[in-house]
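Written out below as structure tokens is the structure these notes cover.
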2 protein chains.
Amino acid sequence: MGRKRTKSGKIRLAEVAELAGVSPITASRFFRNPEALSVAKRTRVESAAKELGYVPNLAARALASQRTEVIGVLIPSLTNNVFSDVLRGIYDASEGSRYSIQLSNTRYSILQEEKLLRLFLAQKPAGLIVTGIDQTAESRAMLQAADCPIVQIMEIGPDPVDMMIGFSHYDAARAAIAHLFEQGHRKVGFVGARMDPRVQRRLDGYVSAMKDAGSFDQRLVVTTATPTSVTLGGALFTDLLAREPDIDAVFCANDDLALGVLFECRRREIAVPGQIAIVGFNDLEFMAAAVPTLTSVRTNRYEMGKTAATMLIDAIEGRRPEQPVLDLGFKVIERQSSSARRSDSRPAVSGAGAANKMIALPSSHD
Amino acid sequence: MGRKRTKSGKIRLAEVAELAGVSPITASRFFRNPEALSVAKRTRVESAAKELGYVPNLAARALASQRTEVIGVLIPSLTNNVFSDVLRGIYDASEGSRYSIQLSNTRYSILQEEKLLRLFLAQKPAGLIVTGIDQTAESRAMLQAADCPIVQIMEIGPDPVDMMIGFSHYDAARAAIAHLFEQGHRKVGFVGARMDPRVQRRLDGYVSAMKDAGSFDQRLVVTTATPTSVTLGGALFTDLLAREPDIDAVFCANDDLALGVLFECRRREIAVPGQIAIVGFNDLEFMAAAVPTLTSVRTNRYEMGKTAATMLIDAIEGRRPEQPVLDLGFKVIERQSSSARRSDSRPAVSGAGAANKMIALPSSHD
DNA sequence: TTGTATGCGTTATCAA
DNA sequence: TTGATAACGCATACAA
């Protein structure tokens, strides 16, 4: 019955409607679908809301409408630079929209992911962004049963739950190895840490490329489940050298490891690229600043996050993308650290700023 | 009236209560304060909830209770490593609690911060974590008027809004300069980017320390508003060298810049620390892996985030901390890059793994 | 310790 | 295009 003002002194929709001389439901419609109002009422509600400083109550809205305006995001790490770029893209895309981001960290555990997914789904999110394609069977079932759009990010693969955006880590690794071979390197080692599914697929790509060249040897591969770090790069490289002292090159599963390898080479006075070529993965900013500059595989992380969130919001609002699976590709950024073997005496400490020759290799689908 | 089952088929508190043979409000109490129930009813509600797979409706809870279980977090950057560590701490502390994190990026703009703050406050958050102490007057007023606990993180200063956790960037910079002087360096340059308030206070600390030593010269300071990067470190150092070719040492406002300076030295064949000593700030992981290892000022970022969230949750639940302002201090981690001037011919490329001598300097409150 | 009555602010449904 | 009515699911206040 006729409550006049809310106890807390907050402005409700009812107050706005009263001032505008319309019913509450009309005012409500103004905020959700202004087009549905006559121009006269529209302007009256608008000015009334502004005058009173009306702020909608999201809890009431969620309760009444049976849905929230929350986009759930599940990522495996908060510290990995790779994900902070993706996140920035997601937040940038969500800004200005009516949706807010709910972020959770799976810590590279698919069981933790399953648990968080259950939690998220219970809140009826407007949409979900999940990392990768390696969910548990249970998670997949939940995702498939969810009545909201879903985007899988970071990589593409067969059988998307809904939408998917990323690139082929397998192809990217193959391209990196192909580049090393082009430069005359043959005995290429692999250094990897964490060994999450995407790193594993980079390793698979490496293995297949090496086998294609008839150069594969299990002894060239050094990996660990330990989280990645620059220090670890040096340690793994040390192991690799102990095993195979006459390697030509090292393909690192990420840029931190590559930087660690570079420092270890410096420590051991191994010339880069004279004696050992180095290729990293992700192309973080420091790769172009190192001495020598470090070759890497550039991935479009910010764009991936931004596009994922944009696609998701579009889908939430009924605008399904024409193409549910998006391959953002990658580029091998060739720099000094991988330049031709037995190069014409170019010193490792040559001038920086050499043009970054790029070779674009959009990965194939499936 | 007697709704029997909800249309959507969802399990409500009423169903749980019915199965348990208690009133809905008793079931409600079970989830908020189990201790208030008799043991008999407690177990009955518990098993009923489990049997039905009851999941509370947060929107209804928020609407009825007039408050949410959301902790708002405002940080200036999502890409800066410093904040990803803090964030990890915050998320870790919130995990397992009933509170969820709502994150927003101010992009180093206090106007954007004010806007976001207004947005957050409208949703009646359970608590807020904001970065730094340099809010707009309007923001401060809103914070002071907010009826929820608030933690300011990253630095400590006078006049906390509520709680505060961090350290003195001013003192930390002074400690870094003191260390360089102890090692015999005199003509110490400053390199800084972004120049947000905390970097500015590091600069202030540098200036005061240099003045104390009678060594200050404005020409030793090179700064830019540009966002920081490794590449930028090299560029700023280049500027500094052009101005003052005979400097002893460089104090960098962060570790990325320090790494850039190191690479630039290598490019120019300047011996580190033989000709130029380098000190960074934050002590990111790679500092200990570099060649030479890089001295830095260690800050407790993860702990800062974790403690902030823990304090906040405690305060939300009525357990106010005995000490609302917490100084987490810092440590100058002495490594090769800043070792004594005219050292006894120790080569820059000496063995890694030298013990990291630490000097602890908890900053004063004032 | 437990229960009753009522309110929270909005939207869905259906009718006009 | 607009409005009346009835949820939405839970918690507060107060009483027992």
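Treat the numbers as computed from the prediction; the structure is a model and nothing was measured. Letters A, B, ... mirror the listed sequences (proteins, then strands); counts begin at 1. Side chains included, hydrogens not; waters and symmetry mates left out as well; all remaining heavy atoms used.
In this structure, B/Phe31 reaches neither bases nor backbone, as no heavy-atom distance under 4.0 Å exists between it and the strands shown.
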Between the protein and nucleotides 1-3 of chain C, which nitrogen or oxygen pairs come in under 3.5 angstrom?
from	atom 1	to	atom 2	distance (Å)
C/dT2	OP1	B/Ser38	OG	2.5
C/dT2	OP2	B/Ser38	N	2.8
C/dT2	O3'	B/Lys41	NZ	3.4
C/dG3	OP2	B/Ser23	N	3.3
C/dG3	OP2	B/Ser23	OG	3.1
C/dG3	OP2	B/Thr26	OG1	2.5
C/dG3	N7	B/Arg29	NH2	2.5
C/dG3	O6	B/Arg29	NH2	3.4

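One finds no side-chain N or O of A/Arg44 lying less than 4.0 angstrom from the OP1 or OP2 phosphate oxygen of D/dT2. Phosphate contact (OP1/OP2 of C/dG9, side-chain N/O of B/Gln66, threshold under 4.0 Å): present. For B/Arg67 and D/dA11, the shortest distance from a side-chain N or O to OP1 or OP2 is not below 4.0 Å.
Atom CD in A/Glu69 sits roughly 13 Å away from atom P in C/dT10 (whole-Å rounding). Following rounding to the nearest Å, B/Arg32 (CZ) and D/dA13 (C1') show an atom-to-atom distance of 12 Å. Spacing between atom CG of A/Leu63 and atom C1' of D/dA6 amounts to 13 Å, rounded to whole angstrom units. Computed from coordinates, the B/Leu58 CG to C/dT10 P distance equals 19 Å when rounded to whole Å. One atom, CG of B/Asn33, and another, P of D/dA11, lie 12 Å apart when rounded to the nearest Å. To the nearest angstrom, P of D/dG9 lies 15 Å from CG of B/Leu52. The separation between B/Gln123 atom CD and C/dG9 atom P is 13 Å, rounded to whole Å. Atom CZ in A/Phe30 sits roughly 16 Å away from atom C1' in C/dT10 (whole-Å rounding).
Listed nucleotides C/dT10, D/dA11, D/dG9 differ in distance to A/Arg12; the shortest reach to its side chain belongs to C/dT10. Minimum atom distance to the side chain of A/Arg61 is reached by C/dT11, of the listed D/dC10, C/dT11, D/dT12.
No donor-acceptor contact under 3.5 angstrom links the side chains of A/Ser139 and A/Glu113, judged on distance only. Residues B/Thr68 and B/Gln123 have side chains that never bring a donor and an acceptor to within less than 3.5 angstrom of each other.
Between A/Tyr108 and A/Phe83, the angle of the ring planes goes over 60°, which puts this pair in the perpendicular group of the 30/60° scheme.
Remark: A/Arg67 CZ is loosely packed, at most 12 non-hydrogen atoms of other residues, nucleotides or ligands lying under 6.0 Å away.
Residues B/Pro24 and B/Ser65 each lie close to DNA chain C; by heavy-atom proximity, the contact nearer the 5' end of the strand is made by B/Pro24.
Comment: B/Arg42 does not engage B/Glu46 in a salt bridge, judged by the lack of any side-chain N to carboxylate O separation of less than 4.0 angstrom. Taking 4.0 Å as the cut-off between side-chain N and carboxylate O, B/Glu15 and B/Arg12 count as a salt-bridged pair.
Partner of A/Ile90 under the side-chain contact (heavy atoms from CB on, under 4.5 Å) criterion, out of A/Ile71, A/Asp85, A/Ile129: A/Ile129 alone.
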